[in-house]
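If you read the sequence from its start, that first residue is 1, and numbering goes on from there.
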Amino acid sequence: FNVTAVAEWSKNRVEHTTATSTGFDSNYYTYHNLAAGKVYTVSSDFIGSQKMGYVARINYNYKGRYLATLSNRWDGSSILAKGNQWAMFPAGAVAWRISDEAFMEQHQDWLSNAKLRVGYGVTGNAGAAEYATLDFSRTGVLGFQDVSTPFSGFNNNIANRELEWEKSYQWNIGLDLGFFNERLQVTADWYHTDTKDVLYQKSIAYGAGGVASRPFTIWSNVGHIRN
């Protein structure tokens, strides 16, 4: 019998800065004096996200014959919407080593191992794009003949303030067999997985508008997959 507890935290940070310049009278400066060009631009961006999780697990082993494991995860992701950032993912498994039972002793000369396993667990995925739950504006300049006019509008991605975890619910039944002192081993598994609230970036109908001939998009929990 043993108990395990784990805490984890991760932070992702990406910064990007670009400076370009054209129209130099000479190549003497190369990239060391971009202001010497006639046309130069500077842009920068930042992307950040973080995740945190806790895990608790209990293992039970009785004479190597009866085995059980219970665990639970609590995971949080800044990518998802407020109120949906944290979720719980339980799991459990039991196993019976049939070959260690007294009634199997007469078969140990050819059947050295027989173990039946049953497990159930829930896993999660928060793999949407950073800031999928936030609205951003875009700015630019529109020109008509000799007149330039600044503008602002929606970014290409529309915020989804209800975005939540994608979850997979899986059953597994397995049988491990060993023959002739493990010279021949056979493993058979059956599993069934239901994945709900699948994360997917879908396009919105053109009638709702778009950016630069592209339709608006939105990250959503849209699907259900079974296998």
Side-chain angles (χ1 to χ4, degrees), residues 4-10 12 47 49-61 66-98 113-135 156-178 185-208 210 214-227:
T4 303
V6 178
E8 59 180 338
W9 175 76
S10 64
N12 299 315
I47 298 175
S49 65
Q50 56 185 346
K51 296 179 181 179
M52 191 170 186
Y54 304 95
V55 183
R57 182 177 64 191
I58 300 175
N59 290 324
Y60 176 76
N61 183 340
Y66 309 111
L67 311 171
T69 299
L70 294 175
S71 65
N72 198 26
R73 290 187 62 97
W74 296 267
D75 287 318
S77 172
S78 65
I79 293 176
L80 304 175
K82 288 185 177 180
N84 296 329
Q85 292 178 333
W86 284 89
M88 184 175 66
F89 305 99
V94 294
W96 175 28
R97 195 178 299 278
I98 306 170
N113 179 50
K115 184 169 72 173
L116 179 65
R117 300 174 281 106
V118 178
Y120 173 79
V122 184
T123 58
N125 173 33
E130 292 84 352
Y131 313 126
T133 63
L134 301 177
D135 277 320
N156 189 61
N157 188 74
I158 303 299
N160 182 351
R161 293 185 175 85
E162 298 181 353
L163 199 65
E164 59 183 349
W165 284 87
E166 172 187 310
K167 293 184 178 181
S168 295
Y169 306 81
Q170 178 170 314
W171 280 97
N172 176 266
I173 300 175
L175 180 64
D176 301 324
L177 299 174
Q185 297 179 358
V186 177
T187 298
D189 280 281
W190 172 89
Y191 70 91
H192 176 83
T193 304
D194 272 329
T195 302
K196 300 179 180 179
D197 297 321
V198 176
L199 289 168
Y200 181 73
Q201 187 180 27
K202 65 180 182 179
S203 298
I204 301 176
Y206 274 100
R214 294 175 296 159
F216 287 128
T217 60
I218 185 171
W219 278 93
S220 303
N221 299 101
V222 298
H224 182 190
I225 300 174
R226 176 176 297 171
N227 56 17

*Tell me, with the steps shown, if Ile58 and Tyr60 meet side chain to side chain contact (heavy atoms under 4.5 Å, CB included).*
CA-CA 7 Å; Ile58 300 175; Tyr60 176 76; 5.6 Å; no
_side chain to side chain contact (heavy atoms under 4.5 Å, CB included) for Arg161 and Lys82? Distances and angles first, verdict last._
CA-CA 7 Å; Arg161 293 185 175 85; Lys82 288 185 177 180; over 6 Å; no
Quick one: does [X]'s side chain have a donor or acceptor within less than 3.5 Å of a partner on [Y]'s backbone?
X      : Y      : value
Asn84  : Glu162 : yes
Asn12  : Ser49  : no
Gln170 : Gly121 : no
Asp197 : Asn221 : no
Asn172 : Gly119 : no

Do you know the tightest heavy-atom contact between [X] and [Y]?
X      : Y      : answer
Val94  : Ala68  : CG1-CB, 4.1 Å
Ile79  : Ala129 : CG2-O, 3.5 Å
Ala81  : Asn160 : CB-O, 4.2 Å
Leu199 : Trp219 : C-CZ3, 4.2 Å
Ile218 : Ile158 : CG1-O, 3.4 Å

_Derivation and outcome, side chain to side chain contact (heavy atoms under 4.5 Å, CB included), residues Asp194 and Arg226_ = CA-CA 5 Å; Asp194 272 329; Arg226 176 176 297 171; 2.8 Å; yes
*Can you tell me if OH on Tyr120 sees more than 12 non-hydrogen neighbours from other groups inside 6.0 Å?*
yes
*Roughly how far, to the nearest 0.5 Å, is the OG atom of Ser77 from the CD atom of Glu130?*
8.5 Å
*Spacing of Gln85 atom CD and Lys51 atom NZ [to the nearest 0.5 Å]*: 12.0 Å
Are side-chain heavy atoms of [X] and [Y] found at a separation under 4.5 Å?
X      : Y      : result
Asn61  : Asn59  : no
Tyr191 : Trp171 : no
Asn157 : Gln201 : yes

*Just jot down the ring pair (Phe, Tyr, Trp, His ring centres under 6.0 Å) partners of Trp165, sequence neighbours excluded, or say none.*
Phe89
*Ion pair check, Arg117 and Asp189, cut-off under 4.0 Å*: yes
_Applying side chain to side chain contact (heavy atoms under 4.5 Å, CB included) to Asn113 and Gln185, what does each step give before you reach the verdict?_
CA-CA 9 Å; Asn113 179 50; Gln185 297 179 358; over 6 Å; no
